[in-house]
Number of protein chains: 2
Amino acid sequence: MSRARESHLPRYLEIAEELEASIRRGDLGEGELLPGELELAKRWSVNRHTVGRALNHLQQMGLVARVKGHGTHVRPPRLDYRIADQVSFTAMFEAVGARVRKQPPTIHAARADATLATLMRIPVGEELVGVRNGSAVGGSPLSWGVGYFREAVLPGVADLLAGFRGSTSELFRSVYGIELFRAQTRFEVQPAEPEAAAQLRVAIGFPLFKVEKLDTLSDGTPAVWGLSYFRSDAVRFDVQTRPIITVGA
Amino acid sequence: MSRARESHLPRYLEIAEELEASIRRGDLGEGELLPGELELAKRWSVNRHTVGRALNHLQQMGLVARVKGHGTHVRPPRLDYRIADQVSFTAMFEAVGARVRKQPPTIHAARADATLATLMRIPVGEELVGVRNGSAVGGSPLSWGVGYFREAVLPGVADLLAGFRGSTSELFRSVYGIELFRAQTRFEVQPAEPEAAAQLRVAIGFPLFKVEKLDTLSDGTPAVWGLSYFRSDAVRFDVQTRPIITVGA
DNA sequence: AAGTGGTCTAGACCACCTT
DNA sequence: AGGTGGTCTAGACCACTTC
């Protein structure tokens, strides 16, 4: 492959690279606030919009976070969201020492419409319990979404979940004596809509992971379906589909 | 002027929604070119940059694609990239009737450095065959990346792959009599760097799926590791970790 | 040559968060 | 009240694709 020209990089990318270098060098520590757009613009003798673009690029790289009215600060590295057939959201992040905060969920009765019935592979009209929830790790919002639990499989689940902020895996294990398994996970990228943007404290249009999941009982019976949006600057997903052997030395 | 609007939605989102509606209605057919920014700006009496933002938003939603010097056209719906423990990229998309075109791969000898050895779970210094490749579906670029094949597990793989553009799953099955299994897949979102942007025909900064995969033999022995970038407007990933039963009716 | 979208400047107003 | 980033306008220049 010939690499003839690579000299004329856009100015905002040059600035982004300089800022990236100084973050990686450690000139700017984790959580530290960067100067505002106006001051940075003066530093490179460019317009405010040009450094703004550089900062937006760095945000999509996961290096900084921008909050309107507050400023731009250095982000910690992305979290690893590990998914295998057995998963506990809470246990996984606590194992890494991350401080997880779940919002108290909002619960409502629901029934499977045509779309939901297809996604969950259950009959139309079945009784469900809908749960709106959100999570934050290390003080920064991570996810926001909704889940649907089958009342037929998890009787009385609405009362169980009301106000509950712990690990649902443990809850179901102790109350029903069952284990849930991740059967299917779908990943998509979507720009943040106004409501999701507000919940996750990102600007409208910021790229989000849209994740749809289906959890089943051990025999493959569908039990829970969920749709969540995750900040793409805060997380990376790691899905295990088979065991791996480590070779040699 | 009269900004006495009671909708607190940004103007560019209102325009994006109107365009979205007319695409979903079918006023604009798949593949059809939209008017240029200047004409659209006249239509809504706004600046060119405002409609530009609306179009960029629609592109991130996967509804349109923008190509510099060419224009903005309506995209087909996102492809479903189904991943289970047994996968064939080629077979999967051909099953959906999509026309897959793989670029002839570029091959080079390589050795596992510390990073690669950790990722592949093999000893440092092991002999590998590096393969740069790209794919397009339905005439639009989809992925671009690099793969590393273990010479010890797939002897003579460099010669096999040189100029080969078919299904590698089938190739390995017929030549070595082995089946490869997807063991691990990592998903991350990254803004397009200049080189990836050029290969995938998107603007610099456009959000891409960064996908790392590890394929193994049936006993879990690592065989192939790969890193690919996928256009996030063109694809959605669907990972199956367990079988699912369909209930009722 | 004409048209397209990408970049950069310049200035304005605003909503939001902190003090 | 002061500072932050988000939005919108306006105009300019450019690289790229297509004719």
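Just so we're on the same page: letters track the sequence lines, and every chain starts at 1.
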Student: Looking only at side-chain N and O atoms, does Tyr12(A) come under 4.0 Å of OP1 or OP2 in dC8(C)?
Tutor: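 Checking dC8(C) against Tyr12(A), no side-chain N or O comes under 4.0 Å of OP1 or OP2.
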Student: Nearest-Å distance, CG (Leu33(A)) to P (dG5(D))?
Tutor: 9 Å
Student: Just list the side-chain donor-acceptor pairs under 3.5 Å for residues 190-208 of chain A, sequence neighbours left out, or say none.
Tutor:
none

Student: Apply ring pair (Phe, Tyr, Trp, His ring centres under 6.0 Å) to Phe230(B) and list each qualifying residue two or more places apart in sequence or on a separate chain.
Tutor: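 Residues passing ring pair (Phe, Tyr, Trp, His ring centres under 6.0 Å) with Phe230(B): Tyr81(B), Phe237(B).
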Student: Would you compute the distance between atom CH2 of Trp225(B) and atom OG1 of Thr118(B) and round it to the nearest 0.5 angstrom?
Tutor: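 Reported to 0.5 Å precision, the distance equals 11.0 Å.
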Student: Expressed in angstrom and rounded to an integer, what is the separation of Leu13(B) atom CG from dG6(D) atom P?
Tutor: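 It works out to 14 Å between those atoms.
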Student: Extract all donor-acceptor atom pairs below 3.5 Å that involve side chains of residues 63-70 of chain A and protein atoms in other chains or at least two apart in sequence.
Tutor:
from	atom 1	to	atom 2	distance (Å)
Arg66(A)	NE	Thr72(A)	OG1	3.2
Arg66(A)	NH1	Gly52(A)	O	3.3
Arg66(A)	NH1	Asn56(A)	OD1	2.9
Arg66(A)	NH2	Glu37(A)	OE2	2.7

Student: Could you check how far CZ of Arg53(A) sits from P of dT9(C), rounded to whole Å?
Tutor: 11 Å
Student: Could you state the atom-to-atom distance from CD of Glu37(B) to C1' of dT9(D) in whole Å?
Tutor: 14 Å
Student: If I take atom CD1 in residue Ile15(A) and atom C1' in nucleotide dC8(C), what distance separates them, rounded to the nearest angstrom?
Tutor: 10 Å
Student: Rounded to whole angstrom units, what separation is found between the NE2 atom of His8(A) and the C1' atom of dA15(D)?
Tutor: 9 Å
Student: Counting only pairs under 3.5 Å, give me each side-chain donor-acceptor contact of residues 20-35 of chain B, with atom names and distances, residues two or more places apart or in other chains.
Tutor:
from	atom 1	to	atom 2	distance (Å)
Glu20(B)	OE2	Arg24(B)	NE	3.0
Glu20(B)	OE2	Arg24(B)	NH2	3.0
Ser22(B)	OG	Leu19(B)	O	3.1
Arg25(B)	NE	Asp27(B)	OD2	3.1
Arg25(B)	NH2	Asp27(B)	OD2	2.9
Glu32(B)	OE1	Gly29(B)	N	2.8

Student: Can a side chain N or O of Arg66(B) be found less than 4.0 Å away from OP1 or OP2 on dG6(C)?
Tutor: yes
Student: So if I take residues 55-64 of chain A and measure heavy-atom distances to DNA chain D, which residues fall below 4.0 Å?
Tutor: none
Student: With Arg231(A) as the cation and Trp144(A) as the aromatic partner, state whether NZ or CZ is under 6.0 Å from the six-membered ring centre and within 45° of the axis.
Tutor: no
Student: Establish, with yes or no, whether the OP1 or OP2 oxygen of dT9(D) is under 4.0 angstrom from a side-chain nitrogen or oxygen of Thr50(B).
Tutor: yes
Student: Measure from CZ on Phe206(B) to C1' on dG6(C) and round the result to the nearest Å.
Tutor: 15 Å
Student: Which residues satisfy the side chain to side chain donor-acceptor pair (under 3.5 Å) test with Thr168(B), sequence neighbours excluded?
Tutor: none
Student: Would you indicate, yes or no, if dT4(D) has its OP1 or OP2 atom less than 4.0 angstrom from a side-chain nitrogen or oxygen of Thr72(A)?
Tutor: no
Student: How close or far is atom P of dG6(D) from atom CG of Leu38(A), stated in whole angstroms?
Tutor: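 That distance rounds to 13 Å.
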Student: Partners of Arg78(A) by side chain to side chain donor-acceptor pair (under 3.5 Å), sequence neighbours excluded?
Tutor: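 Arg78(A) satisfies side chain to side chain donor-acceptor pair (under 3.5 Å) with Glu188(B) once adjacent residues are dropped.
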Student: For Ser140(A), check side chain to side chain donor-acceptor pair (under 3.5 Å) against everything at least two apart and list the hits.
Tutor: none
Student: Within the 4.0 Å limit for protein heavy atoms, which parts of nucleotides 11-19 of chain C are touched? Write it as a string from 5' to 3', B for base, S for sugar-phosphate only, - for none.
Tutor: BB--SBB--
